[in-house]
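The structure appears below as structure tokens.
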Amino acid sequence: MNLKLKEKILESLSAVLPITGIVLLISIILIPVELGTMVMFLTGAVMLVVGMGFFQLGAEMSMTPLGEGIGVQISKTRKIPLILFIGFSMGAIITISEPDLQVLAGQVPSVPNHILILTVAVGVGIFLAMAIFRILFQIKFSTILIVIYTVLLGLSFFVLKDFLAVAFDSGGVTTGPMTVPFIMAMGVGLASVRSDRNAADDSFGLVALSSIGPILAVMLLGCFFNPTEAAYTKIEVADVDTTRDVIREFLFSLPLYVKEVFVSLVPVAVVFVIFQIISRRYQRNQVKRIVVGFGYTYIGLVLFLCGVNAGFAPVGSFLGKEVAAESWEWLLVPIGMLIGYYIVKAEPAIQVLNHQVESVTNGAVSAKSMNRCLSIGVSVSVGLSMLRVLTGLPIHWIIIPGYVIALIFTRFVPKMFVGIAFDSGGVASGPMTTTFLLPLSIGACEAVGGNIMTDAFGVVALVALTPLIAIQIMGLQYQYKLKKMEKTTLQEAPFVDAEDEIYDFEEGYENDK
């Protein structure tokens, strides 16, 4: 086996093992799960581990160099309209290719799937173009965030309640395994052309702004669109009795994801071909490596999505229903927090972000500390989501104070951490959130008789919110430690008396004579 692939699969195993163990413990101690369903879950977990390994290696070999190359070429172009057009086109294409968005669209009963997907794609395209413009002209990131989020939160009061939670969820799912490696690498490429001291800081933030676009776009859709009949994919646990039934279920599901991922990757592959023909940026060996990387990415996403959707999602929905139906339904909050703490580590794009942060900061911010911080943030957000399901707490009561706190922090936190934090919010809400936590929330909401559109949806939005605060707190700690180290260094520096220094100089002068 390829040593690099083996390393990635072992990384994936360490990320997926805890959440698998938690579900097994819940099935033994609290909610009995039929043996066939548990075998489906464990088979899905194996596919998830292998799929994540292939995907991470593939993204490293293909998506990252392609995104970085396009970013460098855009920086060299001085035609602003062309830059904005390229940014819009890449944002729209990569979003339509995003598997997470397809999953969310299938679970939203208020809007036809194709309308929601196109609306989100336009939103990402516009805001990716804006993000590129910001990097090229060195506009302060925190200022843009404050202006845009003020508009966004103000508009939220005029949107139908059925659209509000879905709008915020849309912002989270667009930054998934397809978009994050590409867009983050594009940011590094854009900033690498500049030689100023703020270049590293400005390499972050593209994912953050790209995830705001869909929120505003879906909110505007809610103001003008009157929903009619729409498809709703209800998640049910497969009826399996034997191992043959389990294999049949996965084999039945596999062709769907083979086709879905192929359709997702074709536009990106076409962009690569056109870019290579125009720029001639990559040598023959690099082209071969990128093509192999696309192959790994394809295999990884097929296995990952099949495993998660066929094995994980039904169990998530089942556990949510069963726990919420019991007399101790409030246990759903700590269970959700425990699952949230570990599930974020299983997000494929999280590993891409964490390693890129470690690389750009030269190890000053380690992948381990990023993982810990994101886990705490997501744990809190899932706990709040379960509280909303049980109480019907309006999402405004959490979203508005949360974003106000996050935006206040941007005035005091080092610039790089602001970009990292807002990128982390989008990255944390990936396919594991969409296909496990959202079904968990929907299942619990159905059991307590709540409104799915207003109470269950919003879990992705909250998962995208809390990392903004958690990472910025880490940034404040980092800033405090840095200042403390500088102060200690100054205090420990040897003190040289001015008179002694003159005397030594004179003595040396006399000796020289």
Side-chain angles (χ1 to χ4, degrees), residues 15 18-23 25-26 29-31 164-165 168-169 171-173 312-313 315-347 350 371-406 421 424-430 432-448 450-452 454-474:
I19 185 66
T20 307
I22 289 167
V23 172
L25 281 173
I26 291 171
I29 299 169
L30 297 175
I31 306 295
L164 188 60
F168 279 101
D169 281 355
V173 300
F312 263 62
V315 173
S317 180
F318 172 78
L319 289 179
K321 279 181 184 175
E322 294 300 313
V323 174
E326 296 289 342
S327 57
W328 31 265
E329 58 185 23
W330 286 97
L331 204 57
L332 193 65
V333 175
I335 288 173
M337 292 183 74
L338 185 64
I339 291 172
Y341 184 87
Y342 288 104
I343 203 167
V344 70
K345 296 178 182 179
E347 291 286 4
I350 280 290
N371 261 323
R372 189 187 309 113
C373 200
L374 287 170
S375 291
I376 293 168
V378 173
S379 175
V380 172
S381 63
V382 179
L384 289 171
S385 299
M386 296 303 108
L387 187 66
R388 285 189 65 242
V389 168
L390 296 173
T391 62
L393 187 71
I395 196 170
H396 264 128
W397 291 19
I398 301 172
I399 287 286
I400 291 178
Y403 277 113
V404 167
I405 292 168
S424 300
V427 176
S429 49
M432 287 298 290
T433 304
T434 315
T435 56
F436 188 84
L437 292 180
L438 187 54
L440 179 77
S441 185
I442 290 173
C445 194
E446 287 177 346
V448 298
N451 184 330
I452 290 175
T454 58
D455 299 340
F457 284 96
V459 61
V460 181
L462 295 184
V463 166
L465 169 63
T466 47
L468 313 187
I469 300 170
I471 296 294
Q472 288 190 93
I473 290 172
M474 185 173 75

Practice prompt. Find out whether Val323 and Leu30 are in side-chain contact, i.e. whether some heavy atom of one side chain is under 4.5 Å from a heavy atom of the other.
Written response: no
Discussion item. To check you understand the geometry: which heavy-atom pair defines the closest contact between Ala165 and Gly458, and what is its length?
Written reply: CB-N, 3.9 Å
Response to the item:
Distance col, row Met386:CE vs Cys445:SG, nearest 0.5 angstrom, shows 9.5 Å
Worksheet item: Is the side chain of Ser375 donor-acceptor paired with the backbone N or O of Asn371 at a distance under 3.5 Å, no angle test?
Response: yes
Worksheet item: Considering residues, nucleotides and ligands other than Tyr342, do more than 12 of their heavy atoms fall under 6.0 Å from its OH?
Response: no
Fill in: Point-to-point distance, once rounded to the nearest 0.5 Å, from CD1 of Ile442 to CG of Asp455
11.5 Å
Discussion item. When you compare the side chain of Ile26 with that of Ile335, does any pair of heavy atoms fall below 4.5 Å?
Written reply: yes
Discussion item. Does any part of the side chain of Leu465, heavy atoms only, come nearer than 4.5 Å to the side chain of Phe168, both counted from C-beta?
Written reply: no
Worksheet item: Is the backbone of Ala406 close enough, under 3.5 Å, to the side chain of Gln472 for a donor and an acceptor to pair up by distance?
Response: yes
Worksheet, complete the sentence: Between Ser381 and Thr466 the two heavy atoms that sit nearest each other are CB-OG1, 3.2 Å
Worksheet item: Hey, are the side chains of Tyr341 and Ile22 touching, using non-hydrogen atoms and a 4.5 Å cut-off?
Response: no
Fill in: Closest approach of Ser424 to Ile471 (non-hydrogen atoms, all atoms of both residues)
OG-CG1, 4.0 Å
Worksheet item: From Leu387 CG over to Trp330 CH2, what is the distance, rounded to the nearest 0.5 angstrom?
Response: 5.5 Å
Worksheet, complete the sentence: So OG1 of Thr454 and CD1 of Ile452: to nearest 0.5 Å the spacing works out to 9.5 Å
Item to complete: Please answer whether the main-chain N or O of Leu437 pairs with a side-chain N or O of Ser441 as donor and acceptor at a distance below 3.5 Å.
Response: no
Fill in: Shortest non-hydrogen contact from Leu332 toward Ala444
CD2-CB, 3.5 Å
Item to complete: Taking Arg388 for its side chain and Phe457 for its backbone only, find out whether a donor-acceptor pair lies under 3.5 Å.
Response: yes
Worksheet item: Out of curiosity, Met337 CE to Ile339 CD1, how far, rounded to the nearest 0.5 Å?
Response: 12.0 Å
Worksheet item: Between Val389 and Ala456, which heavy-atom pair has the shortest distance, and what is it?
Response: CG2-CA, 4.3 Å
Item to complete: Please report the C-alpha distance between Leu319 and Leu440 in whole Å, then the side-chain angles of each, then the deciding distance to 0.1 Å, and finally whether the side-chain contact (heavy atoms from CB on, under 4.5 Å) criterion is met.
Response: CA-CA 7 Å; Leu319 289 179; Leu440 179 77; 4.1 Å; yes
Fill in: Pairwise distance CD1(Ile469) to CD1(Ile376) - rounded to 0.5 angstrom
13.5 Å
Worksheet item: What pair of heavy atoms forms the shortest contact from Leu374 to Pro467, and how long is it?
Response: CD2-CB, 3.6 Å
Discussion item. Show, in sequence, the C-alpha distance, side-chain angles and deciding distance for Ile395 and Leu164, and conclude whether the side-chain contact (heavy atoms from CB on, under 4.5 Å) test is met.
Written reply: CA-CA 8 Å; Ile395 196 170; Leu164 188 60; 3.7 Å; yes
